[in-house]
Structures are given as C-alpha cells and as structure tokens.
Chemist: 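Here's a structure for you.
Order of appearance sets the numbers: ligands from 1, and atoms from 1 within every ligand. Every value quoted in this text rests on a predicted model; they were computed, and no experiment measured them.
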Amino acid sequence: MTSALSREDLERELRAIGERQYHDLHPFHKLLHGGKLKRGQVQAWALNRFYYQVCIPKKDLALMARMDDPALRRIWIQRVLDHDGFGESREREEGKVGGIERWLRLTDGLGLDRDYVTSLRGILPATRYAVDSYVNFVSSKSTLEAVASSLTELFAPAIHRERIAGFEAYYAFANDATLSYFRKRLDEAPRDVEFGLEYVLDNARTPEQQQQVIAALRHKAELLWAQLDALHHAYVSPGLIPPGAFVPDDMEPPVYRR
Ligand SMILES: O=C(O)c1cc(C(=O)O)c2c(n1)C(=O)C(=O)c1cc(C(=O)O)[nH]c1-2
C-alpha cells in the first residue's frame, strides 16, 4: 500500500498541475493576451466565458448545501456574494458590485447586447458541457473533492495580471469598466485560495483522499482547457462555428449541408 504524502508533497503535486496543464498555456489565451485576436473573437470568448461566470455561484451554493459546518458555510458564502454582488440598491458603493455585473460591463464594452449575452443562446455546445460538468462534479463529489476543484484559482491571479496587461497594451476596448472584473479578482482570489488550500491540506490525509483531490484538480484543469479548445476550433482555426452559436460581424457563418 502506498503511504500518504506529507503536506508539503501534496501541495507540490497540486501546484505541479498548474505548471503542467493550467489554461494559461492554451494557444487561445496566448492569442487573446498577445493582442492577436479580432474584436469578434474577443466577443466570442467573453460571451462564452459568461456562462462560466454565472455558474460559479451556482456550484458554490451546491457545495454549501452539503456543508455540515455553519462556520465553513459562513466563509464560503463570501464567494457567492463576490459574484452575485449586493443588488442594485446597495451597489452605489463600487466595491459591492458583483462579478457577474462586472463581466457584463466587459461584454458591454465589447459591443455585445446584454439580453443576448444573458440569454446564453450564443454559447458553444462544448462550453455548456464543460461548465455543466463542473457544477455536476461539485454537486456529486465529496466536499473535499469539491473544494479541491476550486484550487485552479491558485493559478488565476497570474493569468488575470497577464490579461490586464495584454488588454491595456493591445485593445481599444480596455478601460476601467471592462477591466474591473479582473482587477477585483486580484484581491478576491488569493483570499479564497488560501483558505481552500489549507482546507484541502488539512483534510486530505489518506492516500485515497490525496489521490481524489489531485484527480479533482486535474478534472477542473481539463474542463477549463476544453472550453478554450472549443473556442479555438470555432473562432480561430479552422473557424467552424457550430450551428446556432454566436457569429461575430467580422466572420462568415459556415453552411452545414446534409
Ligand atoms: O480567468 C481565469 O482564467 C479564471 C480561472 C478560474 C479558474 O481557474 O477556475 C477562475 C476565474 N478566472 C475567476 O475569475 C473566478 O472567479 C473563479 C472561481 C473559480 C472557482 O473554481 O470557484 N475559478 C475561477
């Protein structure tokens, strides 16, 4: 029987997943952050990613519904508020504006219609599958595996910094409103992930639990990667937009024939 990893070795294994397979390495992100995408391609990314944004609080609530400890729920609920905000009447204070509204400021700045974005009609089939698989994973696995799956956020501040710098350098749509989502996450994510990492290291004690948390983080990294594969296929190369998905003004919709 294999013996359990030390705390340090488990943390090293988890961080190695980010080094090896986090979606900052994906060619689509390289193009996005390097200023190589046309407006319509950036619109497609933001529109698809909106589905991830709206599902994050849903997966956190699914996880909270199964948490037995009120103290844990009190900590976790902050993540839901970060994304949902405090409602229009209390959002005069800029700090109370949630991530979903901030993301819509990005899609506004990119010239997308809010009703179209929030209808989710234009997203890719693979976006829906990948994001739904995250919500299903968190809903059906143990609390420990669900918390572990959020640990891709260990690697998110670096990609948010890269994105802010790339957008500022290369794209005319970059301004305080369109960048506000990413700037806010730079404060929120480190706090979340510090707690999540401690929780996982404290609770993944047996070799079996440790393998489960490693597998959970890999699964999460894969579903992030799969979303970008689908975007790349549809909007970069070969540029085959699936039927019904968003067609930017600067791209031709492909014709599918029987
Ligand atoms: O832009 C990104 O690359 C990125 C990645 C991730 C991630 O790694 O899951 C998150 C976010 N952003 C993010 O903004 C966010 O709020 C977030 C929450 C979670 C989560 O799993 O609970 N991941 C992420």
Chemist: With no hydrogens and no angle check, is any side-chain donor or acceptor of T127 less than 3.5 Å from a backbone partner on N48?
Modeler: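 Looks like no, no N/O pair under 3.5 Å.
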
Chemist: So is S150 touching ligand 1 or not, going by heavy atoms under 4.0 Å?
Modeler: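 Within the 4.0 Å threshold, so yes.
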
Chemist: Do the side chains of E198 and R7 get close enough for a salt bridge, i.e. N-O under 4.0 angstrom?
Modeler: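 Salt bridge between E198 and R7, a charged N being under 4.0 Å from a carboxylate O: yes.
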
Chemist: For ligand 1, note which part of W103 has a heavy atom under 4.0 Å away: side chain, backbone, both or neither.
Modeler: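 No part of W103 is near ligand 1 at this cut-off.
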
Chemist: Looking only at N/O atoms, are H29 and ligand 1 under 3.5 Å apart anywhere?
Modeler: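 Not met; the criterion fails.
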
Chemist: Look only at interatomic distance and state if Y22 has a nitrogen or oxygen under 3.5 Å from any nitrogen or oxygen of ligand 1.
Modeler: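 Checking ligand 1 against Y22, an N or O pair does fall under 3.5 Å apart.
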
Chemist: Would F182 count as a contact residue for ligand 1, given that I'm defining contact as a non-hydrogen atom of the residue lying under 4.0 Å from a ligand atom?
Modeler: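 Flag not set, F182 not near ligand 1.
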
Chemist: Which bit of E188 is near ligand 1, meaning a heavy atom under 4.0 Å away: side chain, backbone, both or neither?
Modeler: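 Looking at E188 and ligand 1, no heavy atom falls under 4.0 Å.
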
Chemist: Which ILVMFWY residues are connected to L25, directly or by a chain of links, through side-chain heavy atoms under 4.5 Å apart?
Modeler: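 Reading the cluster by chain and number, L25 sits alongside W225.
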
Chemist: Under a 4.0 Å heavy-atom limit, does E162 contact ligand 1 with its side chain, its backbone, both, or neither?
Modeler: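 The answer is neither; E162 stays 4.0 Å or more away.
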
Chemist: State whether the shortest distance between N or O atoms of R163 and N or O atoms of ligand 1 falls below 3.5 angstrom.
Modeler: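 Indeed, backbone or side chain, R163 has an N or O that close.
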
Chemist: For K30, I'd like to know if atom NZ has over 12 heavy atoms of other residues, nucleotides or ligands within 6.0 Å.
Modeler: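 Atom NZ in K30 is crowded, with more than 12 foreign heavy atoms closer than 6.0 Å.
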
Chemist: When you look for heavy atoms under 4.0 Å from ligand 1, do you find them on the side chain of L224, its backbone, both, or neither?
Modeler: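 The answer is the side chain.
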
Chemist: Applying a strict 4.0 Å limit to heavy atoms, is F155 in contact with ligand 1?
Modeler: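 No, F155 has no heavy atom closer than 4.0 Å to ligand 1.
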
Chemist: Are K184 and E101 close enough for a salt bridge, meaning some N to O gap below 4.0 Å?
Modeler: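 No, no charged N to carboxylate O under 4.0 Å.
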
Chemist: Is there at least one pair of N or O atoms, one from R79 and one from ligand 1, spaced under 3.5 Å apart?
Modeler: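 For ligand 1, there is no N or O atom that lies under 3.5 Å from one belonging to R79.
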
